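Here the structure is laid out as structure tokens; the discussion comes afterwards.
Just so you know, ligand 1 is whichever comes first in the structure, and atom 1 is the first atom listed for that ligand. Just so it is clear, the model here is predicted, and its values are computed rather than measured.
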Amino acid sequence: MGKRIVVTGGSGKAGQHIIRYLLDQGHDILNLDLIPLPADLEGRVHTLKVELTNSGQVYSALGSHFHLSEPFREPLGLIPDAVIHLAGYSRNMIAPDEETFRCNTLATYNIIEAASRLNIKKIIIASSVTVYGVSYAEGDVDYPSFPVEETVDANPMDTYAISKVCGERVARGFSRRYGSDIYVLRIGRIVAPEEYKEAMFRSYVETPEKWAAHGWAYIDARDLGQMCDLAVRKNGLGFQIFNAINDEITNYERTADFLARICPGIPITRELGAREAPISNRKIKELLGFKEEHHWMKYYE
Ligand SMILES: NC(=O)c1ccc[n+]([C@@H]2O[C@H](COP(=O)([O-])OP(=O)(O)OC[C@H]3O[C@@H](n4cnc5c(N)ncnc54)[C@H](O)[C@@H]3O)[C@@H](O)[C@H]2O)c1
């Protein structure tokens, strides 16, 4: 049966695709964002205009009806089955660092606190593979080892990734306090369907030596939808961190050969699959049952 799910930041790049996927699985969605959804989704999902750094607005919104009707038809007092929190600044330098930190940490704190106090037992939080510290380092920094798994120390130096680490710690603490399931998705570079034919993906394939920052890995926006659905359905795991990454490396080489050529000397901690992505998705496959549907080679020309 479909769940009642609040999505924050659903009007953004990832959110649109995640919401489409969740609707296809039969879920009922309420979107909390500052801007509207694209036209094709507006008739199917209501967007409440919410400033998530304002805790009063967040509490009020989590107790809201999901649909506007005259009169209202939904029972009063329903709480959502799950919250998927995507909203925030999605990289550095959209805003000054202080604003990035303030918005990302406060919005995440407000959502986790309000959802926990309202007894919502499933919260999914968007973090980022930038927490591994390479993407926005000052200058070239190496990954500590390969494959990059969730147990690797997350010690970034940039404000955006530090804000994500802070969100992860809030999630861990509240999951412990409330005995709830809070799953963190460390999301790779999100690729929307049209982007496989654009310059960035071409560069992934043709000049891979330039793409340490993305870990020679990506997440298809629709496969990210599947991961969110699986995370909503799988109960009882408590606090968890999952790399949200597709299966394979973003060029045509064997992974071990490629890493030996590009990053000689970086420790390899286990045998790599022939074309396994250097940032590993093994945990989300094993614990949530993720099965990739959108391999990049299906769309790349
Ligand atoms: N885009 C990527 O490649 C990528 C990679 C890793 C992680 N992520 C993370 O995934 C999430 C979604 O990323 P995206 O690319 O869809 O971002 P996006 O910028 O396209 O969308 C973010 C949405 O959040 C909303 N928002 C921002 N601040 C808000 C506030 N204070 N109150 C209410 N709404 C607010 C925006 O209006 C926007 O619709 C983010 O948390 C981002 O950090 C993205």
Can you confirm whether the side chains of N281 and N246 place a donor and an acceptor under 3.5 Å from each other?
no
Cation-aromatic face contact R261/F258, 6.0 Å, 45 degrees
no
Polar contact flag, side-chain donor to acceptor under 3.5 angstrom, H295-D220:
no
Do H85 and T108 get their side chains close enough for a donor-acceptor pair, meaning under 3.5 Å?
yes
Could you tell me whether D247 and K285 make a salt bridge, using a distance below 4.0 angstrom between a side-chain N and a carboxylate O?
yes
Are Y299 and E195 close enough that a side-chain donor and a side-chain acceptor fall under 3.5 Å?
no
Heavy-atom nearest neighbour in the protein, as seen from atom 32 (N) of ligand 1, with distance rounded to 0.1 Å
L52 N, 3.1 Å
Identify, by atom number and element, the atoms of ligand 1 in contact range of S127, meaning under 4.0 Å from any of its heavy atoms.
7 (C)
Can you see whether Q240 engages K283 through a side-chain donor-acceptor pair at a distance of less than 3.5 angstrom?
yes
To check your reading of the model: name the closest protein heavy atom to atom 1 (N) of ligand 1, its residue, and the distance in Å.
I190 CD1, 3.6 Å
Short list, please: which atoms of ligand 1 are under 4.0 Å from a heavy atom of L86?
11 (C), 12 (C), 40 (C), 41 (O)
What residue and heavy atom of the protein are closest to atom 20 (O) of ligand 1, and at what distance?
K13 N, 2.8 Å
With a cutoff of 4.0 Å, is G10 in contact with ligand 1, counting heavy atoms of the residue only?
no
Side chain, backbone, both or neither: K164 near ligand 1, heavy atoms under 4.0 Å:
side chain
Atom 21 (O) of ligand 1 sits nearest the protein heavy atom G12 CA, 3.3 Å
For atom 5 (C) of ligand 1, which candidate among S90, A244, G188 holds the nearest heavy atom?
G188
Considering heavy atoms of the protein only, find what lies nearest to atom 29 (C) of ligand 1 and give residue, atom and distance to 0.1 Å.
L34 CD1, 3.7 Å
Can a side-chain donor-acceptor contact be found between Y109 and N104 if the only test is distance below 3.5 angstrom?
no
Considering the heavy atoms of A126, write down every atom of ligand 1 situated less than 4.0 Å from one of them.
10 (O), 11 (C), 41 (O)
Just to confirm my output: which protein heavy-atom neighbour is closest to atom 22 (C) of ligand 1, and how far is it?
G88 O, 3.7 Å
Answer yes or no on whether R172 is positioned over the face of Y183, meaning its NZ or CZ is under 6.0 Å from the six-membered ring centre and within 45° of the axis.
no
Check ligand 1 against G9 and write out every atom of the ligand that is under 4.0 Å from a heavy-atom position of the residue.
23 (C), 24 (O)
We want to know whether N243 and S280 form a side-chain donor-acceptor pair, criterion being a heavy-atom distance below 3.5 angstrom.
no
Quick one: which ligand 1 atoms are inside 4.0 Å of a heavy atom on S128?
6 (C), 7 (C)
Using a strict cut-off of 4.0 Å, indicate which atoms of ligand 1 neighbour a heavy atom of R189.
3 (O)
Within 45° of the axis and under 6.0 Å from the centre of the six-membered ring of F66, does NZ or CZ of R4 qualify?
yes
Does the pair R20/D40 count as a salt bridge with the N-to-O cut at 4.0 Å?
yes
Side chain, backbone, both or neither: the part of V50 lying under 4.0 Å from ligand 1 by heavy atom
backbone
Check each atom of ligand 1 against the heavy atoms of S11 and keep those under 4.0 Å away; list them by number with element.
39 (O)
Within ligand 1, which atoms have a heavy atom of Y160 less than 4.0 Å away?
7 (C), 8 (N), 9 (C), 42 (C), 43 (O)
Heavy-atom nearest neighbour in the protein, as seen from atom 16 (O) of ligand 1, with distance rounded to 0.1 Å:
A14 N, 2.8 Å
Once you restrict to heavy atoms under 4.0 Å, what part of A107 touches ligand 1? Side chain, backbone, both or neither.
neither
of all protein heavy atoms, closest to atom 37 (O) of ligand 1 is D33 OD1, 2.6 Å
Among side-chain atoms of T250 and R189, is any donor-acceptor pair under 3.5 angstrom?
no
